[in-house]
Chemist: 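There's a structure below that I have some questions on.
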Number of protein chains: 2
Amino acid sequence: MRPSKRDELVQKALDAFYRNGFHATGMDMLVAETGISKTSMYKHFRTKDDLILAVLRLRDERFRNWLYRRMEDLADTPKGQLIAMFDALGEWFEEQGFKGCMFIKASSEYQEPTNPIHMQSADHKRLLEQHFTALAADAGYKNAAALARQLLLLKEGAIVTAHLGHTDDAAKDGKEAAIALLAAHG
Amino acid sequence: MRPSKRDELVQKALDAFYRNGFHATGMDMLVAETGISKTSMYKHFRTKDDLILAVLRLRDERFRNWLYRRMEDLADTPKGQLIAMFDALGEWFEEQGFKGCMFIKASSEYQEPTNPIHMQSADHKRLLEQHFTALAADAGYKNAAALARQLLLLKEGAIVTAHLGHTDDAAKDGKEAAIALLAAHG
DNA sequence: CTCAATGTTTACTGATCGGTACAGTTTGTT
DNA sequence: AACAAACTGTACCGATCAGTAAACATTGAG
């Protein structure tokens with residue numbers, strides 16, 4: 001099995017969906033942008049939704065890998081990494097082509113809680129929360145779970161605010177708030 | 001001029017767009033749901049986007065009125081109102097039919113920063129930030145603007161997290177974080 | 001070389017998209 | 001009663017939607 005075409009499709013579809021949105025990106029547009037035939041697409045994925053699920057799977061893997069690694073590179077203590085998350089987010093916000101969180105957008109376009117796309121987006125956030133909880137516990141915080149959830153609120157809020165583009169530096173605001181939260185949980 | 005039909009259309013379109021999303025709600029679906037003829041719709045609004053802008057205008061007015069009033073009802077000091085915001089949000093999250101923030105969803109479906117729908121969504125957040133800043137200043141906080149922006153991050157994060165539905169009580173997490181932030185700002 | 005898997009092109013389906021044309025009906029005012 | 005404004009129903013436009021059919025080309029392994 002040589003699934004290289006399939007991977008290529010998922011990767012290029014990720015770009016298109018991230019740039020244009022899910023409903024606004026038709027399969028014909030994907031054909032035009034990826035150079036892959038529609039017949040081939042539907043050999044790999046039975047429906048557009050299945051393709052979207054594969055795209056979200058790739059995005060989850062890539063994003064979490066990138067974020068976790070960047071946090072580790074920027075700080076060596078668990079507490080430092082939780083703070084450094086907002087520096088990493090700041091770098092992301094500055095990237096050209098930044099268009100917010102793909103999972104927030106996915107859950108915005110597929111709202112029903114039972115929709116697989118919605119559920120998979122929720123899974124992504126759950127994994128983030130678990131990672132933050134582990135870091136907070138490592139750092140010795142008493143109520144690590146609550147602290148992690150609060151930091152997650154700041155992270156999601158910073159992404160949304162940065163995408164709305166009405167704030168100069170949502171990452172900096174998030175970082176300062178995170179530092180205050182960590183001190184309060186001290 | 002009797003704009004009652006127009007108002008009725010905007011109000012019912014708000015419900016439909018909030019429930020189904022913007023791209024996923026076609027004009028024919030609006031005809032079916034509102035009972036208003038398509039011809040009449042296009043007499044009031046030249047395009048679907050114009051209708052969406054009117055819907056967002058109504059949503060902004062209703063939501064801010066509701067939130068500000070609820071905050072005032074739940075607390076009588078400016079500081080207390082900032083905290084009570086998260087109790088108000090918690091009530092909202094519990095409402096049947098809660099589907100997240102309409103402006104976050106609008107900016108997710110119309111991503112280009114120059115798109116009027118995106119810009120109007122950003123305006124809504126700006127007005128919220130101004131209100132929070134005024135409250136923080138009234139409460140005597142030194143860096144009222146920064147505090148307001150941080151609280152806004154918590155609010156947006158709580159809404160997104162509640163909509164993703166992976167957390168039991170995003171409002172409670174937001175409230176506890178807000179209390180900690182207020183304490184940190186002395 | 002051969003065979004089978006995987007890919008391609010082209011054309012197509014029925015449904016739906018946003019938006020319009022047009023003729024007829026309801027409604028409020030005088 | 002009469003008139004105009006507002007609204008309705010129906011039918012339509014070209015474009016696009018997700019998805020399929022069928023015939024042909026490319027490729028890699030035995």
Side-chain angles (χ1 to χ4, degrees), chain A residues 1-57 105-106 108-112 114-118 120, chain B residues 1-57 105-106 108-112 114-118 120:
Chain A
M1 185 179 313
R2 279 281 74 73
S4 80
K5 268 286 176 203
R6 186 194 142 114
D7 291 353
E8 184 190 343
L9 167 61
V10 174
Q11 175 179 324
K12 290 185 175 173
L14 196 163
D15 293 342
F17 283 134
Y18 185 68
R19 232 183 313 112
N20 304 331
F22 296 95
H23 282 104
T25 302
M27 297 304 280
D28 292 293
M29 182 186 296
L30 287 181
V31 171
E33 282 205 27
T34 66
I36 297 171
S37 68
K38 205 195 283 197
T39 313
S40 189
M41 290 182 181
Y42 279 97
K43 281 240 169 67
H44 288 298
F45 302 99
R46 280 177 39 257
T47 63
K48 182 185 181 184
D49 282 12
D50 281 352
L51 172 58
I52 292 176
L53 286 173
V55 163
L56 292 181
R57 221 131 38 209
K105 297 191 292 186
S108 292
E109 294 204 43
Y110 303 89
Q111 307 197 73
E112 315 83 37
T114 61
N115 185 303
I117 295 175
H118 191 101
Q120 194 166 309
Chain B
M1 187 180 311
R2 279 281 73 73
S4 80
K5 269 283 176 204
R6 186 193 143 114
D7 290 353
E8 184 190 343
L9 166 60
V10 174
Q11 174 179 324
K12 289 185 175 173
L14 196 164
D15 293 342
F17 284 132
Y18 185 68
R19 232 183 312 114
N20 304 331
F22 296 95
H23 282 104
T25 303
M27 297 303 282
D28 291 294
M29 183 187 294
L30 286 182
V31 171
E33 282 206 27
T34 66
I36 296 172
S37 69
K38 205 195 281 199
T39 312
S40 189
M41 290 182 183
Y42 278 97
K43 281 243 168 67
H44 288 300
F45 301 99
R46 279 175 41 256
T47 64
K48 183 186 180 184
D49 281 12
D50 281 354
L51 172 59
I52 292 177
L53 286 173
V55 163
L56 292 182
R57 221 132 37 210
K105 296 190 293 186
S108 292
E109 295 203 43
Y110 303 89
Q111 307 197 72
E112 315 84 35
T114 59
N115 185 302
I117 295 175
H118 190 102
Q120 194 166 310

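First the proteins, then the strands, lettered A, B, ... as listed; each starts at 1.
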Chemist: Strictly below 4.0 Å, heavy-atom distances to any atom of DNA chain D: list the hits from residues 29-37 of chain B, or just say none.
Modeler: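 B:Gly35, B:Ile36, B:Ser37, in order of number.
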Chemist: Roughly, in whole Å, what's the span from CG in A:Asn20 to C1' in D:dC17?
Modeler: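 Distance check: A:Asn20 CG to D:dC17 C1' gives 15 Å.
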Chemist: Under 4.5 Å between any side-chain heavy atoms of B:Lys5 and B:Lys43, yes or no?
Modeler: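 No, too far: nothing below the 4.5 Å cut-off.
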Chemist: Mind calculating the distance between CG (A:Asp7) and C1' (C:dT6) to the nearest angstrom?
Modeler: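 Rounding to the nearest Å, CG of A:Asp7 and C1' of C:dT6 are 15 Å apart.
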Chemist: Does A:Lys12 have any salt bridge (charged side-chain N to carboxylate O under 4.0 Å, His left out) partners at least two apart in sequence or in another chain, and if so, which?
Modeler: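 Listed in chain order: A:Glu8.
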Chemist: Rounded to whole angstrom units, what separation is found between the CE atom of A:Met41 and the C1' atom of D:dT20?
Modeler: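 Rounding to the nearest Å, CE of A:Met41 and C1' of D:dT20 are 15 Å apart.
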Chemist: Please write out each protein N/O paired with an N/O of nucleotides 18-25 of chain C under 3.5 Å, distance rounded to 0.1 Å.
Modeler:
residue	atom	partner	partner atom	Å
C:dG18	OP1	B:Lys48	NZ	2.4
C:dG18	OP2	B:Met27	N	2.8
C:dG19	OP2	B:Tyr42	OH	3.0
C:dG19	OP2	B:Lys48	N	2.6
C:dG19	N7	B:Lys38	NZ	3.2
C:dG19	O6	B:Lys38	NZ	2.6
C:dA21	N6	B:Thr39	OG1	3.2

Chemist: With rounding to the nearest 0.5 Å, note down the distance linking CD1 in A:Ile117 to NZ in A:Lys48.
Modeler: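 Rounded to the nearest 0.5 Å, the CD1-NZ separation comes to 9.0 Å.
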Chemist: In whole angstrom, give the distance that lies between atom CG of B:Leu9 and atom C1' of D:dT8.
Modeler: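 So the two atoms are 14 Å apart, to the nearest Å.
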Chemist: Using every non-hydrogen atom in the two residues, find where B:Ala54 and B:Phe45 come nearest and quote the distance to one decimal.
Modeler: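 That closest heavy-atom pairing would be CB-CE2, 3.5 Å.
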Chemist: For A:Lys105 versus A:Phe22, what's the shortest heavy-atom pair and its separation?
Modeler: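 Distance-wise, the nearest heavy atoms are C-CE1, 4.2 Å.
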Chemist: So, OP1 or OP2 of C:dT6: does either fall under 4.0 Å of a side-chain N or O from A:Ser40?
Modeler: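 False: A:Ser40 side-chain N/O out of range (4.0 Å or more) of C:dT6 OP1/OP2.
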Chemist: First locate atom CD of A:Gln120, then atom CG of A:Leu53, and finally report the distance between them rounded to the nearest 0.5 Å.
Modeler: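 Here the rounded value is 5.0 Å.
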Chemist: Hey, are the side chains of B:Glu109 and A:Glu109 touching, using non-hydrogen atoms and a 4.5 Å cut-off?
Modeler: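 B:Glu109 vs A:Glu109: side chains touch.
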Chemist: Do the non-hydrogen side-chain atoms of A:Met41 and A:Thr34 ever get within less than 4.5 Å of each other?
Modeler: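 Yes - at least one pair of side-chain heavy atoms lies under 4.5 Å apart.
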Chemist: I need the NZ-P distance between B:Lys5 and C:dG28, as an integer number of Å.
Modeler: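 It works out to 11 Å between those atoms.
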